[in-house]
Asker: 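This is the structure, below, for whatever I ask next.
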Amino acid sequence: MAKVNRARSTSPPDGGWGWMIVAGCFLVTICTRAVTRCISIFFVEFQTYFSQDYAQTAWIHSIVDCVTMLCAPLGSVVSNHFSCQVGIMLGGLLASTGLILGSFATSLKHLYLTLGVLTGLGFALCYSPAIAMVGKYFSRRKALAYGISMSGSGIGIFILAPVVQLLIEQFSWRGALLILGGFVLNLCVCGALMRPITLKEDQTTPEQNPVCRTQTQDLKQASPCSAWTKEWVQTCLCGSLQQEYSFLLTSDFAVLATSVLFMAYGCSPLFVYFVPYALSVGVTHQQAAFLMSILGVIDIIGNITFGWLTDRRCLKNYQYVCYLFAIGLDGLCYLCLPMLQSLPLLVPFACTFGYFDGAYVTLIPVVTAEIVGTTFLSSALGVVYFLHAVPYLVSPPIAGWLVDTTGSYTTAFLLCGFSMIFSSLLLGFARVVKKMKKTQLRFLAKESDPKLQLWTNGSVAYSVARELDQKDGESVTLAMLGSSPS
């Protein structure tokens, strides 16, 4: 598997086998994110069977979400150094084992280790590599491809929510977990679809690294068994990892990372407490499962339609803004939730929140690729999903503690809503500051260089500032200012 021949391509094919990659990623999101969110249906069963409070029971969902995101960089490393196929198949085996062992649990601690840690680790090896593969196969229709791929989460919830409830009623929670363990083994099939591809920008070798090239020349003059061999390998490995994660030092990625922390804190508790909240306001178990299904199916529509819309020419250059808009509206939905205390009111909430949840989830890889580029997308997505880990770990227990302390869900939902709104405002403020700095630099360049040449092409202006002062032997440099229509 690790020695599989990689498909050669100078640019993303935007089709062909890429649609099989989309299908594989679609199934991966069903088996990972949809199954994770359906764990909330077990919440009341676990709470009743083990006689525990909200906060203790919520740790199960928190741990599986946290480990999935915390170990996302590990999934990227396995994918980059072996193959995406190996990583996903191994992850499928681990996740299935965790669910099957969880069906034999005799305490919540057993579920923390099996359903939480082991299953979460398996999901981590599958999730980010599958998403990154879609980005390698698509460029022009990237948002649409991601929309279809990520819609697996919504379709999975729509189908699995009532099915899981039925399995619990027929076979108890133990039988339901055992069946889910068999279902998750389909991740091995998904892994087999992930045919590797080598793009033009990825066709680099260790010898192309200046440090490695110098070490290689010295190595040729040394004996094969000398200490130079180990030193060369260590130097190349460190240089490769340093280059692979060089985007961490950029200010744009730092702002994105901070925003992700607040966004992740806000989005997780709803999928843990939506069913318990609906039950607390008088909704039946079947109706609560139906609300989760609505949330899932509208999530699908948000994934696909928002991805398709933002790929249109009129919105192509505003995908970043659309991402902020979706996160902000999800935050506003949270603020309204405590006032909705009947099924007819909860249905519109599920539709609205589900749509914009699917919308911004689709654009996370697109926005990340815009900031770091396609070459570093796999590593960057690993870091982005890693940053989800701590919020996913602490937010459901904190929300559970607030529910236990205050006796209502209002404070917990308001905190989540304000967290998501702040995430949106932070990215928006950073983008405005960046544009202001660019405008100021253009103005200073014009004022400082009287020989500035300016011409226009349609409605877009290009200006070239020529540095004529060549003191200390400096060469002539050209500073391109402005932006192209693309």
Side-chain angles (χ1 to χ4, degrees), residues 33 36-48 50-70 108 111-112 115-116 120 153 157 161 259-283 288-289 291-292 295-296 299 327-341 345-346 349-350 352-354 356-357 360-361 387-424:
R33 302 312 301 157
T36 299
R37 290 179 174 181
C38 284
I39 291 175
S40 63
I41 298 175
F42 292 90
F43 189 93
V44 176
E45 299 294 328
F46 292 152
Q47 190 179 26
T48 303
F50 296 109
S51 301
Q52 297 291 337
D53 58 18
Y54 277 87
Q56 293 294 322
T57 310
W59 278 106
I60 300 171
H61 191 283
S62 296
I63 292 173
V64 66
D65 250 343
C66 173
V67 174
T68 299
M69 299 307 173
L70 189 68
L108 282 183
L111 288 174
Y112 294 162
L115 185 57
S153 176
I157 294 174
S259 172
V260 164
L261 290 173
F262 287 95
M263 181 269 289
Y265 179 90
C267 71
S268 180
L270 182 80
F271 295 98
V272 180
Y273 293 109
F274 190 41
V275 170
Y277 173 73
L279 295 174
S280 71
V281 297
V283 174
L291 285 172
M292 284 296 292
L295 192 67
D299 192 283
I327 294 176
L329 284 181
D330 259 1
L332 291 176
C333 289
Y334 255 125
L335 302 185
C336 298
L337 182 55
M339 296 181 288
L340 311 177
Q341 299 188 0
L345 294 177
L346 289 174
F349 167 82
T352 307
F353 188 92
F356 289 108
D357 178 73
Y360 79 76
V361 166
L387 293 171
H388 285 66
V390 174
Y392 277 8
L393 178 66
V394 302
S395 59
I398 289 176
W401 176 78
L402 290 173
V403 172
D404 290 333
T405 304
T406 62
S408 73
Y409 292 84
T410 302
T411 306
F413 288 155
L414 291 180
L415 183 60
C416 292
F418 284 123
S419 179
M420 297 193 76
I421 291 173
F422 178 76
S423 172
S424 177

Asker: How far apart are the C-alpha atoms of Met292 and Phe274, what are their side-chain angles, what is the distance that settles it, and do they pass the side-chain contact (heavy atoms from CB on, under 4.5 Å) test?
Answerer: CA-CA 8 Å; Met292 284 296 292; Phe274 190 41; 3.9 Å; yes

Asker: Contact between Ile398 and Tyr265 at the side-chain level, heavy atoms closer than 4.5 Å - yes or no?
Answerer: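 Yes, close enough: below the 4.5 Å cut-off.
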
Asker: Looking at CD1 of Ile421 and CD1 of Ile327, how far apart are the two atoms once the value is rounded to the nearest 0.5 Å?
Answerer: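 With rounding to 0.5 Å, CD1 (Ile421) is 11.5 Å from CD1 (Ile327).
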
Asker: Is any side-chain heavy atom of Asp357 less than 4.5 Å from a side-chain heavy atom of Leu270?
Answerer: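 In short, these two side chains do not touch, never coming nearer than 4.5 Å.
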
Asker: Enter the distance from Leu329:CG to Tyr360:OH here, rounded to the nearest 0.5 Å.
Answerer: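 It is 12.0 Å, given to the nearest 0.5 Å.
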
Asker: Taking side chain as C-beta onward, heavy atoms only, is Arg33 less than 4.5 Å from Asp65?
Answerer: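 Sidechains of Asp65 and Arg33: in contact.
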
Asker: For the residue pair Phe50 and Phe46, categorise the inter-ring angle as parallel (less than 30°), tilted (30 to 60°) or perpendicular (more than 60°).
Answerer: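 Taking Phe46 first and then Phe50, their aromatic rings sit tilted (interplane angle of 30° to 60°).
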
Asker: If I take atom CG from residue Leu291 and atom CG from residue Leu346, how far apart are they, to the nearest 0.5 angstrom?
Answerer: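 Rounded to the nearest 0.5 Å, the CG-CG separation comes out at 5.5 Å.
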
Asker: Search all heavy atoms of Val283 against all heavy atoms of Leu279 and return the closest pair with its distance.
Answerer: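 Taking every non-hydrogen atom into account, O-CD2, 3.2 Å.
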
Asker: Gly331 and Met420: which non-hydrogen atoms are nearest, and at how many Å?
Answerer: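 Minimum heavy-atom contact is CA-CB, 3.9 Å.
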
Asker: For the atom pair SG (Cys333) and CZ (Phe356), what is the distance rounded to the nearest 0.5 Å?
Answerer: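 Rounded to the nearest 0.5 Å, the SG-CZ separation comes to 7.5 Å.
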
Asker: Quick one: pull up OH in Tyr277 and CZ in Phe413 and give me the separation to the nearest 0.5 Å.
Answerer: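 So the OH of Tyr277 and the CZ of Phe413 are separated by 6.5 Å.
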
Asker: Closest approach of Phe271 and Cys267, non-hydrogen atoms and distance?
Answerer: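 Closest heavy-atom pair between Phe271 and Cys267: CD1-O, 3.4 Å.
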
Asker: At their closest point, which heavy atom of Cys38 faces which heavy atom of Ala161, and how far apart are they?
Answerer: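 So the two residues come closest at SG-N, 3.9 Å.
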
Asker: Working to the nearest 0.5 Å, report the span between OG of Ser62 and OH of Tyr112.
Answerer: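 Nearest 0.5 Å value for the OG-OH distance: 9.0 Å.
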
Asker: Set out, in order, the CA-CA distance, both residues' side-chain angles and the distance that settles side-chain contact (heavy atoms from CB on, under 4.5 Å) for Gln47 and Gln56, then state yes or no.
Answerer: CA-CA 9 Å; Gln47 190 179 26; Gln56 293 294 322; over 6 Å; no

Asker: Identify the heavy atoms of Ala350 and Leu295 that sit nearest to each other, and give their distance.
Answerer: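 Distance-wise, the nearest heavy atoms are O-CD1, 3.3 Å.
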
Asker: Does the separation of the ring centres of Phe418 and Tyr334 fall below 6.0 angstrom?
Answerer: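 So the answer is no for these two rings.
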
Asker: Show the nearest heavy-atom pair for residues Asp299 and Arg37, with the distance to one decimal.
Answerer: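 In terms of heavy atoms, the two residues are closest at OD2-NH1, 4.0 Å.
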
Asker: Closer than 3.5 angstrom, by distance alone: can the side chain of Thr68 be matched with the main-chain N or O of Val64 as a donor-acceptor pair?
Answerer: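 Yes, Thr68 side chain to Val64 backbone: donor-acceptor pair under 3.5 Å.
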
Asker: Any side-chain heavy-atom pair from Leu387 and Met69 closer than 4.5 angstrom?
Answerer: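 They are not in side-chain contact.
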
Asker: Check for a donor-acceptor pair, side chain of Tyr273 on one end and backbone N or O of Pro396 on the other, with a separation under 3.5 Å.
Answerer: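 Checking the backbone N and O of Pro396 against the side chain of Tyr273, a donor-acceptor pair under 3.5 Å is found.
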
Asker: Any side-chain to backbone donor/acceptor pair from Ser423 onto Val260? Under 3.5 Å, distance only.
Answerer: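 Not a single qualifying donor-acceptor pair exists.
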
